[in-house]
Amino acid sequence: MKSSSFAYRRAATAEEAVALAREAGEDARFLAGGQSLLAALNFRLDEPCMLIDIGRIGALRGIRRVEGALKIGALTRHAEIAASVEIAKHLPLVAQAIHEVAHPAIRNRGTFGGSIALADAAAEMPACALALGARMHLLGPDGPRRVAADEFFLGLYETALEPGELLTHVEIPIPPAGACHGFAELARRRGDYAMAGLAMMLGPRTGAGRDWARIVFFGIADRAVRSPSAEAAIVAGAAPEECAACATDGLDVFGDMNAAESTKRHYAAVLLRRELDRISDEENRV
Ligand SMILES: Cc1cc2nc3c(=O)[nH]c(=O)nc-3n(C[C@H](O)[C@H](O)[C@H](O)COP(=O)(O)OP(=O)(O)OC[C@H]3O[C@@H](n4cnc5c(N)ncnc54)[C@H](O)[C@@H]3O)c2cc1C
């Protein structure tokens with residue numbers, strides 16, 4: 001199938017992109033790497049009146065160290081994240097997860113910001129952003145604003161972005177010393193979207209428990225979701241099997257073409273148990 005017709009404009013700056021979107025109205029779309037948007041157009045899942053190409057806005061690209069955080073420009077490609085020494089050093093969760101995003105050809109074009117803005121429920125980067133307590137920086141007609149990851153992902157392909165608002169960059173706090181991460185996903189083939197996935201950050205040890213925990217499941221609900229029950233159990237120092245047993249308590253889990261709801265709950269529990277066991281083995285070895 002071919003897409004319906006649309007106007008095309010290329011923006012030279014973020015401000016110009018926002019101004020073009022304002023002129024064009026609600027049905028304009030920003031075009032970043034095009035890896036998801038162009039497929040949606042060709043399947044006529046979306047019929048925008050205008051594409052605003054932001055792909056050449058240099059200011060939206062790159063990874064920079066700022067006070068206690070890494071700032072990732074929205075147009076930074078997945079492949080650049082995978083190759084970044086700063087990401088490997090400071091955000092090993094992202095460094096591990098990025099290799100599970102699609103295939104090399106898609107990682108060469110697809111962008112970090114595109115993945116966050118699209119908010120696919122089974123995507124790795126939104127889950128990592130949530131686990132790491134990222135802050136999304138947006139630019140709209142009324143100027144810039146900042147939204148915490150906890151308030152950004154609202155539902156199936158739904159975010160706090162208002163129509164015509166541009167995600168300019170994501171700021172991810174560098175985890176403190178003593179924190180550790182876990183990541184695991186189940187997919188039919190390497191590079192496919194996850195049937196169920198886990199991205200987590202654990203704060204420094206305090207006795208048998210942890211200072212804090214951010215446990216995020218993806219591919220099991222309408223968006224990446226934190227598990228308050230598992231987080232509380234981990235902080236309280238419960239055994240891995242107890243934490244896993246309550247992994248999806250209170251969460252709205254959906255079945256899909258890959259697995260029934262009960263199977264997804266089982267997958268989530270297994271992933272959490274495995275990662276907690278791995279971390280505990282590694283820490284006991286030190
Ligand atoms: C075969 C295939 C397999 C894939 N597998 C995976 C996978 O396993 N895991 C995964 O996470 N992803 C996967 N993807 C998606 C891929 O990661 C995309 O690159 C990503 O989701 C979107 O990034 P993009 O730059 O291509 O965005 P685009 O396709 O250009 O845009 C996507 C949407 O986000 C909006 N948008 C983009 N940038 C901005 C911005 N800065 N501000 C506001 N809105 C913006 C666009 O308007 C559009 O609505 C797959 C894609 C394909 C084709």
Side-chain angles (χ1 to χ4, degrees), residues 3 6 8-11 13-18 20-21 24 26-43 45-57 59-61 72-82 94 97-130 136-140 144-145 147 152-153 156-170 183 185-197 199 218-219 223-224 258:
S3 68
F6 51 80
Y8 170 90
R9 300 288 297 273
R10 180 184 290 155
T13 64
E15 290 73 17
E16 187 189 352
V18 171
L20 284 168
E26 282 204 3
D27 289 334
R29 299 282 178 274
F30 296 119
L31 173 66
Q35 298 303 291
S36 299
L37 182 56
L38 296 185
L41 299 193
N42 288 338
F43 282 114
L45 297 171
D46 197 4
E47 300 192 16
C49 62
M50 179 188 281
L51 290 194
I52 301 165
D53 189 345
I54 57 173
R56 297 199 188 171
I57 306 177
L60 297 186
R61 203 158 170 183
I72 305 178
L75 282 183
T76 308
R77 297 185 197 281
H78 300 315
E80 293 170 317
I81 305 249
V94 175
I98 198 75
H99 294 284
E100 305 302 326
V101 176
H103 311 284
I106 293 160
R107 293 200 291 269
N108 283 337
R109 303 276 326 160
T111 65
F112 187 73
S115 187
I116 299 286
L118 183 66
D120 192 297
E124 292 81 2
M125 290 304 108
C128 290
L130 191 54
M136 317 305 183
H137 289 252
L138 318 180
L139 181 68
R145 68 184 179 114
V147 181
F152 186 79
F153 301 107
L156 195 61
Y157 300 113
E158 196 190 340
T159 69
L161 278 162
E162 297 288 345
E165 214 172 14
L166 182 73
L167 174 69
T168 55
H169 60 276
V170 177
F183 180 85
E185 74 173 51
L186 291 169
R188 288 198 185 277
R189 296 170 306 181
R190 185 114 201 247
D192 281 2
Y193 277 109
M195 295 194 286
F218 57 101
R223 67 195 107 154
N258 288 313

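Note that the structure is a prediction, hence the values are computed from the model and not measured. Start at 1 and go down the list; that is how both ligands and their atoms are numbered.
The shortest separation from a heavy atom of E100 to ligand 1 is under 4.0 Å, placing the residue in contact. Not a single heavy atom of R107 sits under 4.0 Å from any atom of ligand 1. Distances shorter than 4.0 angstrom occur between a heavy atom of E124 and an atom of ligand 1. Residue A39 places no heavy atom under 4.0 Å from ligand 1. Proximity of D120 to ligand 1 is not established, as no heavy-atom distance is less than 4.0 Å.
For R145, the salt bridge (Lys or Arg N to Asp or Glu O under 4.0 Å) partners are E165, not counting sequence neighbours.
Salt bridge E80/R61: present, at least one basic N to carboxylate O contact under 4.0 Å. At a threshold of 4.0 Å, the pair D53-R9 does not count as salt-bridged, since none of the basic side-chain nitrogens sits closer than that to a carboxylate oxygen.
Residue contacts with ligand 1: T111 is placed with a nitrogen or oxygen under 3.5 Å of a nitrogen or oxygen of the ligand (distance criterion only). The shortest N or O to N or O distance between Y193 and ligand 1 is below 3.5 Å. Considering backbone and side-chain atoms alike, M125 places every N or O at 3.5 Å or more from each N or O of ligand 1. Considering backbone and side-chain atoms together, A74 places no N or O closer than 3.5 Å to any N or O of ligand 1. Considering backbone and side-chain atoms alike, V101 places every N or O at 3.5 Å or more from each N or O of ligand 1. Checking only distances, A117 never comes within under 3.5 Å of ligand 1, N or O to N or O. Polar contact check, H103 against ligand 1: no nitrogen or oxygen pair lies under 3.5 Å apart.
In terms of protein heavy-atom proximity, atom 26 (O) of ligand 1 is nearest to Q35 N, 2.8 Å. The protein atom (non-hydrogen) at minimum distance from atom 28 (P) of ligand 1 is G34 N, 3.5 Å. Atom 17 (O) of ligand 1 has H78 NE2, 3.1 Å as its closest protein atom, hydrogens excluded (heavy atom only). The protein heavy-atom contact nearest to atom 24 (P) of ligand 1 is G33 N, 3.6 Å. Shortest contact from atom 31 (O) of ligand 1 to any protein heavy atom: L37 CB, 3.9 Å. Of all protein heavy atoms, the one closest to atom 19 (O) of ligand 1 is G110 CA, 3.1 Å. Looking only at protein heavy atoms, the nearest one to atom 27 (O) of ligand 1 is G114 CA, 3.7 Å. Of the protein's non-hydrogen atoms, the one nearest atom 46 (C) of ligand 1 is F30 O, 3.0 Å.
The shortest distance between side-chain heavy atoms of R223 and F218 does not fall below 4.5 Å. For the pair L138 and P144, the minimum side-chain heavy-atom distance is 4.5 Å or more. Two residues are said to be in side-chain contact when any heavy atoms from C-beta on lie closer than 4.5 Å; N258 and R188 meet this criterion. Between E100 and R190 the shortest side-chain heavy-atom distance falls below 4.5 Å. Between I54 and L75 the shortest side-chain heavy-atom distance falls below 4.5 Å. A heavy-atom distance below 4.5 Å is found between the side chains of L41 and F6.
Close approach to I54 involves these atoms of ligand 1, each under 4.0 Å from a residue heavy atom: 41 (N). Annotation for ligand 1: atoms under 4.0 Å from non-hydrogen atoms of I106 are 1 (C), 2 (C), 3 (C), 16 (C), 51 (C), 52 (C), 53 (C). Counting atoms of ligand 1 from 1 in the listed order, those under 4.0 Å from a heavy atom of L166 are 40 (C), 41 (N), 42 (N). Residue-ligand proximity, L167 to ligand 1, at heavy-atom distances under 4.0 Å covers atoms 40 (C), 41 (N), 42 (N), 43 (C). Numbered from 1 in the order shown, with element, the atoms of ligand 1 that lie under 4.0 Å from a heavy atom of D192 read 8 (O). Less than 4.0 angstrom separates some heavy atom of S36 from each of these atoms of ligand 1: 15 (C), 18 (C), 20 (C), 21 (O), 22 (C), 26 (O), 29 (O).
Within 6.0 Å of CD in E26 there are 12 or fewer heavy atoms belonging to other residues, nucleotides or ligands.
A side-chain donor-acceptor contact under 3.5 Å links T168 to the backbone of H137. Formation of a donor-acceptor pair under 3.5 Å by the R107 side chain with backbone atoms of R77 is not found in this model.
When all heavy atoms of A17 and F30 are compared, the pair lying nearest together is O-CE2, 3.6 Å. What you find for Y193 and A187 is that their closest heavy atoms are O-CB, 3.8 Å.
Here the shortest heavy-atom distance to atom 7 (C) of ligand 1, taken over A28, A14, A102, belongs to A102.
Atom CG of residue L139 and atom CG of residue L60 lie 9.0 Å apart, to the nearest 0.5 angstrom. In this structure, F112 CZ and H169 NE2 are separated by 11.5 Å, a value rounded to the nearest 0.5 Å.
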